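No hydrogens, no waters, no symmetry mates; every other heavy atom, side chains included, goes into these values. Since we're looking at a predicted model, the values are computed, not measured. Residue numbers run from 1 in the order of the sequence given.
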Amino acid sequence: MEQKPVGVIGAMGIEVDAVLAAMEEKSQDMRANMTFTRGTLAGVPVVVAQCSPGKVNAALCTQAMVDFYQPRLVLNIGVAGGIGEHVRIGDVVVATACVEYDFDTTALDGWPAGQMTVPGQEEPVRLFPCEEKIGDVIAAAAQDLYGHAHRGVVATGDRFVADPRVGDRLEREFGALACEMEGGAIAHACLVNQVPCAVLRTISDNAHDSDTVDFVTFARSSAEKAQELLRKVMPQL
């Protein structure tokens, strides 16, 4: 029986190019105006796509991937902003769960920000779960490669967070360790479709960190590390 692929999604080309370059037996399809590349990585079937930034793009990509390729797991890779003084540039955060922090119906129903109804779920959802065992495998390998791998909540919203006060609020309200623009939507779509997911984010900036990096150079080197990490853990997923 043919093994189902592992799906890999990144928002920007620079976040998935290294994985694409390392793949073998490649072929491509266009779905929803996005390119899906099938092949193998470390001998494991994979399908890789660039979704473009933002929650809607990420959800569209995830749904197309599920509909056309039936992945056994969806991985979201890329960079993110760190939250909290202990999450430093160059660290990696492997999500235990994701939250869509900019979804807020508090004025209507009194629910806390991020809590919503979801198709197929009887109870409202605030934290979209990521697969624990897979996250543990990725975090253990990432600890060796990156030096510091954190496990915790990744906060997703349709904004680039540059204000440290916003990061402080996300840490206070959700216990978030990182903020970005796609992971929560991917975890949301995976929950609805009953597909396991994992979110892996390299920290490119932190408003509490005085260090600065060239974003493009950093994103490219982070993608190379992510490719190395995926090749290492793929047979275990």
Side-chain angles (χ1 to χ4, degrees), residues 6-12 14-19 21-23 41-44 46 48 71-99 127-156 161 167 170-171 174-184 186-187 190 196-215 217-237:
V6 173
V8 179
I9 297 175
M12 300 179 291
I14 200 170
E15 293 175 322
V16 297
D17 284 348
V19 176
M23 289 171 60
L41 184 67
V44 176
V46 295
V48 179
R72 56 189 170 90
L73 164 69
V74 174
L75 298 175
N76 175 220
I77 62 174
V79 296
I83 295 176
E85 295 182 3
H86 66 294
V87 181
R88 306 298 300 272
I89 293 172
D91 289 0
V92 66
V93 174
V94 182
T96 54
C98 295
V99 61
L127 294 176
F128 290 92
C130 296
E131 189 68 19
E132 182 178 4
K133 290 182 179 180
I134 292 171
D136 287 344
V137 169
I138 294 172
Q143 183 72 31
D144 294 336
L145 185 60
Y146 290 83
H148 293 90
H150 307 271
R151 297 280 271 132
V153 174
V154 170
T156 301
V161 176
L170 296 178
E171 183 179 26
F174 307 106
L177 299 183
C179 54
E180 39 82 282
M181 300 176 67
E182 296 82 30
I186 291 170
C190 283
C197 77
V199 175
L200 168 73
R201 293 291 183 157
T202 306
I203 302 305
S204 61
D205 60 276
N206 187 318
H208 291 288
D209 198 328
S210 60
D211 293 338
T212 58
V213 298
D214 176 80
F215 179 80
T217 301
F218 181 85
R220 186 174 290 113
S221 66
S222 297
E224 292 285 351
K225 272 192 176 181
Q227 177 265 129
E228 185 178 346
L229 175 63
L230 292 186
R231 290 185 68 184
K232 183 177 181 179
V233 302
M234 196 64 69
Q236 304 174 57
L237 302 182

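- Looking at every heavy atom in both residues, Pro129 comes nearest to Ala187 through O-CB, 4.4 Å.
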Without placing hydrogens or testing angles, list every side-chain donor-acceptor pair under 3.5 Å for residues 145-156, not counting sequence neighbours.
unit_1, atom_1, unit_2, atom_2, d
Tyr146, OH, Ala226, N, 3.4
His150, NE2, Asp91, OD2, 2.8
Arg151, NE, Asp136, OD1, 3.3
Arg151, NH1, Val94, O, 3.3
Arg151, NH1, Ala95, O, 3.0
Arg151, NH2, Glu132, O, 3.3
Arg151, NH2, Asp136, OD1, 2.9
Thr156, OG1, Glu180, OE1, 2.5
Thr156, OG1, Gly184, N, 2.6

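- Side-chain contact check for Pro196 versus Cys190: every heavy-atom pair is 4.5 Å or farther apart.
- Proximity of Leu75 to Leu200: side-chain heavy atoms (C-beta onward) are nowhere separated by under 4.5 Å.
- At a threshold of 4.5 Å between non-hydrogen side-chain atoms, the residues Val6 and Val46 count as touching.
- For the pair Glu15 (side chain) and Met12 (backbone), a donor-acceptor distance under 3.5 Å is present.
- Listed by chain and number, the residues in a side-chain contact (heavy atoms from CB on, under 4.5 Å) with Val161 are Tyr101, Arg159, Val166, Cys179 (sequence neighbours excluded).
- Listed by chain and number, the residues in a ring-ring contact (aromatic ring centres under 6.0 Å, His included) with Phe174 amount to none (sequence neighbours excluded).
- Lys133 is linked by a salt bridge (Lys or Arg N to Asp or Glu O under 4.0 Å) to nothing, counting only residues two or more places apart in sequence or in another chain.
- Looking at Arg201 and Val92, their side chains never come closer than 4.5 Å, going by heavy atoms from C-beta outward.
- Annotation: side chain of Lys225 is not in contact with side chain of Thr202 (no heavy-atom distance under 4.5 Å).
- The two atoms that bring Leu229 and Ala142 nearest to each other are CD1-N, 3.6 Å, heavy atoms only.
- Although no hydrogens or angles enter the test, the distance criterion places a donor-acceptor pair under 3.5 Å between the side chain of Arg72 and the main chain of Leu237.
- Under the rule for a side-chain contact (heavy atoms from CB on, under 4.5 Å), the partners of Ala18 that lie at least two apart in sequence or sit in another chain are Ala223, Glu224, Gln227.
- Within the structure, every pair that satisfies the salt bridge (charged side-chain N to carboxylate O under 4.0 Å, His left out) test and touches residues 227-237, not counting sequence neighbours, is listed here: Asp144-Lys232.
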